[in-house]
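Since the structure comes first, as structure tokens, the remarks are kept for the end.
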2 protein chains.
Amino acid sequence: MAEHAPLSPMLVTDSPEEKFREFLEIRGEKLTEPRRILIRHIFDSHKHFDADELVADLRASARKVSRSTVYRTLRLLVEAGLLRELRLTNRTAYEHDYGYPSHDHLHCTECNRVVEFNNDEIRKIRETVSLEHGFRAEGHRFMITGICPTCSRARSPRRRLDLI
Amino acid sequence: MAEHAPLSPMLVTDSPEEKFREFLEIRGEKLTEPRRILIRHIFDSHKHFDADELVADLRASARKVSRSTVYRTLRLLVEAGLLRELRLTNRTAYEHDYGYPSHDHLHCTECNRVVEFNNDEIRKIRETVSLEHGFRAEGHRFMITGICPTCSRARSPRRRLDLI
DNA sequence: ATTTTTGCAAACCATTTGCAGCTGG
DNA sequence: CCAGCTGCAAATGGTTTGCAAAAAT
């Protein structure tokens, strides 16, 4: 349901797991086995995903984690700044927010593909606008919706031939 | 739950009701009394709202519309291009997408207030990025999340006094 | 007359929660 | 040891749907 343009990972000092452990420690909470399973699985690949996919991915393996724990852990990972929520449809999707450069999205409303992009102007605009309105900006989301090249071609496949 | 910066309405030739009627006619569907009640109530004011608020607003009056019809009509109004969906929380919020200039949003994560703003750069970026990726852009969403001035002050109310 | 729409109640589905037992530090 | 965690099953809450009666053209 999601795909990435090739943005290269950033260099980070701590592993996601280590960062999570620190976050939990501060709050007097524990890095348990299910939580370790989840964070490792999640940061093993740079994909957008949702709660259901995690449950499905792990159900087969010997590292099954209950649905409730998946939801509870996802919430923690967002609070810890490791994941970001993406509300494209009725279900909540997540993406890495650590060890990965900040970026925005193109969303194809036809095939649901998500492509990431970078544009430096956006952060500037965010600062300018926040300042104007006295907001203390903490994040932003810029999403362009439209039709991706593949679906565009599929829609009108003989456009070029018509001109012959 | 939502508030607007003062963006002035655009001039439009058809009333929202008229535009809805045209949309329905094309699809061989009908502009019924409940639908008329809803579109009038919705375009009576420029507020963000959700399904529940509509039901509540109308329950009291003599123009009660059932919850199912509210949901069904909201879907139609989005399809007709009269409303736009805004997924800020678990419930879907709506705003006018007709007779109102395009704009973007600041969202206070503390009090949930939504402020609209305009920035011409954004559309340019949208075109540039779409072109780069071969997307046919149909829309965009730019949302800045953060803390609004009011909540900022409430959070650290004695910041100024500390300096005395 | 025929097709679409409505309202109700029931169904749905993603997410949350209460709780008894398990676990990590 | 003991606060915090897990898994289960049940609850929640927004949204959708099946259906019989009502309305629109």
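Throughout, protein chains are lettered first and strands after them, A, B, ... in sequence-line order, and every chain is numbered starting at 1. The basis for the numbers below is simple: all heavy atoms, side chains too, and nothing from hydrogens, waters or symmetry mates.
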Any Lys/Arg nitrogen of A/Arg67 or A/Asp52 sitting under 4.0 Å from an Asp/Glu carboxylate oxygen of the other?
yes

Closest-nucleotide 5' rank along DNA chain C - winner of A/Thr32 and B/Leu76:
B/Leu76

Could you tell me the separation between the CG atom of A/Asn90 and the C1' atom of C/dT15, rounded to a whole number of Å?
12 Å

Protein-nucleotide distance (A/Leu74, atom CG; D/dT6, atom P), rounded to Å:
12 Å

Does A/Arg72 or A/Arg67 map to a spot on DNA chain C nearer the 5' end, using the closest nucleotide for each?
A/Arg67

Could you state the CD-P distance from B/Glu33 to C/dT6, rounded to the nearest angstrom?
10 Å

Given atom CZ of B/Arg75 and atom P of D/dG14, what is their separation to the nearest angstrom?
18 Å

Which part of the nucleic acid, if any, lies within contact of A/Leu31, taking any heavy atom under 4.0 Å across all strands shown: a base, the sugar-phosphate backbone alone, or nothing?
sugar-phosphate

Strictly below 4.0 Å, N to O, side chains only: are B/Arg141 and B/Asp104 in salt-bridge contact?
no

Write down the distance between OH (A/Tyr94) and C1' (C/dA14), rounded to a whole number of angstrom.
10 Å

For the base of D/dA23, is there a side-chain donor-acceptor partner from B/Lys30 under 3.5 Å away?
no

Between B/Thr92 and D/dT15, does any side-chain N or O lie under 4.0 Å from OP1 or OP2?
yes

Short side-chain N/O contact to D/dT16 OP1/OP2 from B/Tyr71, under 4.0 Å:
no

From the list C/dT4, D/dT15, D/dC5, which nucleotide is the closest neighbour of the side chain of B/Glu29?
C/dT4

For B/Ala51 and for B/Arg36, locate the closest nucleotide of DNA chain D by heavy-atom distance; then report the residue assigned to the nucleotide nearer the 5' terminus.
B/Ala51

If the threshold is 4.0 Å, N to carboxylate O, is there a salt bridge linking A/Arg27 and A/Glu79?
yes

So, does the side chain of A/Thr69 form a donor-acceptor pair with the base of D/dC5 at under 3.5 Å?
no

Let me know the distance between CD of A/Glu25 and P of D/dA3, rounded to the nearest Å.
19 Å

Measure the distance from CG on B/Asp50 to P on D/dG13 and round it to the nearest whole Å.
15 Å

Walk me through whether A/His103 and A/His96 qualify under ring pair (Phe, Tyr, Trp, His ring centres under 6.0 Å).
CA-CA 11 Å; A/His103 58 269; A/His96 299 187; 9.9 Å; no

Compare the minimum distances between each of C/dC8, C/dG7, D/dG7 and the side chain of A/Ser68, then state the nucleotide with the smallest one.
D/dG7

Determine whether a donor-acceptor pair (N or O, by modelled atom type, separation under 3.5 Å) exists between the side chain of B/His41 and the backbone of B/Arg63.
no

Calculate the interatomic distance between A/Leu38 atom CG and D/dC5 atom P; express it in whole Å.
14 Å

Side chain of B/Lys64 only, heavy atoms from C-beta on: which candidate in D/dT15, C/dC8, D/dG7 is closest?
C/dC8

